[in-house]
Amino acid sequence: MMNHPKLSHFTGCLLGGAVGDALGAPIERLNIDMIRDLFGLYGIQGYVFHKKHGRFTDDTQMTLFTAEGLLRAITKYESKNLSEEQLVPIVHQAYLRWLETQDENVNEAKTIRQSAPTGWLIREQPLHVRRGPGSTCLSALRSGKVGRVAQPINKSMGCGGVMRVAPVGLIYHFDAEKAFDVGCWTAAITHGHPDGFLPAGLQASIISLTLQGYGLSESIEKAVSILIQRKGHESTLKGVEIAVDMFERNCAPIPENVEILGGGFVGTEALSISIFCALTAFGSYRQGVLAAVNHSGDCDSTASITGSILGAALGLDAIPPEWRNRLYLDNIVLRIAEDLSKVEERHVLSDWDLLYPPC
Ligand SMILES: [Mg+2]
């Protein structure tokens, strides 16, 4: 098997996101005073509860299904150069498989989903657990409607779009503009407001540029140059500008400063917080992710987004081993990341069509 030159950045990105998600999971929606009361002045510094094993939430579950949908679309069309028309229905089907893992009413999900439950991911029973799924994602998918950038199905601007698009940046690591478009398309399936899907495009684009070898500041700058060409970009741009400005003014990544950028429940805020935490980490995955965890907001999502950016930039080894090695279901995350890195070789992999059947 060929060793992908960027494999550690693929695995670092997805595992980095999952670890951040797992670190933030126990304190999602607690305010910083409660976090400090429970864990001390510096807040959470590692996994808590679950015998100190990390358990990721819906953010990572949906990230895995985003990857699966992309891989199946590429298998079907034998190309990465996909249009929105080609890609969106297949990623939507992947999200319906995720819905089936979530719903008490499994039959409802099965009725909406048209294709057979093929592929390996949905057969992973430990993924069949509700870990704080976002209400917008659930309701949008239950509606059976498929959102498009030009045909939104709602006005949602939640962070459920941006939190799940890291695989887009990995697949389109050669083309930041395409990564931007595909990031927007996959988010707009459930989130119809530009503040919901444009941060997803920007996040995918930043990861793509990072994998091309650009530094973090330069990646953000180049991704913003794509963003500003898109309609409705003002709030997303403002969020990034404030985050970069705070970094340039040497604002410390302490909760009081992170909270200036919002709570992260909205897509624009989640990305703004993540950019600030990633920039101020100065190459330390641990520092960046802990800054994104310890604030009064949607901390599993902000830590997941921050972790995927830093993991893509720094590679797998940058993630502290005690977090990497104690993440529940890390094998599933790593397997998806490795398969994303093997897309070009899929023709010579004997079981690829069974793992990622074209549908
Ligand atoms: Mg979550």
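Ligands are counted one by one from 1 in listed order, and the atoms in each one are counted from 1 as well. The first residue of the sequence shown is numbered 1, and numbering continues consecutively from there. Just so it is clear, the values below take in all heavy atoms, side chains as well, and ignore hydrogens, waters and symmetry mates.
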query: Can you say whether the rings of Y356 and W120 are parallel (under 30°), tilted (30 to 60°) or perpendicular (over 60°)?
result: perpendicular
query: Is it true that R72 and E68 make a salt bridge, defined as a side-chain N closer than 4.0 Å to a carboxylate O?
result: yes
- line: Closest heavy-atom pair, L198 versus C184, reported as atoms and distance to 0.1 Å, is CD2-SG, 3.9 Å
- prompt: What are the protein N/O/S atoms, named by residue and atom, that sit under 2.8 Å from the Mg ion (ligand 1)?
  reply: T57 OG1, D58 OD1, D59 OD1, D300 OD2
message: Given the ring of W98, does R164 sit roughly above its face, with NZ or CZ under 6.0 Å from the centre of the six-membered ring and within 45° of the axis?
response: no
task: Evaluate the ring planes of F282 and F247, with Trp represented by its six-membered ring, and classify them as parallel (under 30°), tilted (30 to 60°) or perpendicular (over 60°).
output: tilted
task: Each residue besides L209 in its hydrophobic cluster should be listed here, by chain and number; the cluster joins Ile, Leu, Val, Met, Phe, Trp and Tyr at side-chain heavy-atom distances under 4.5 Å.
output: Y214
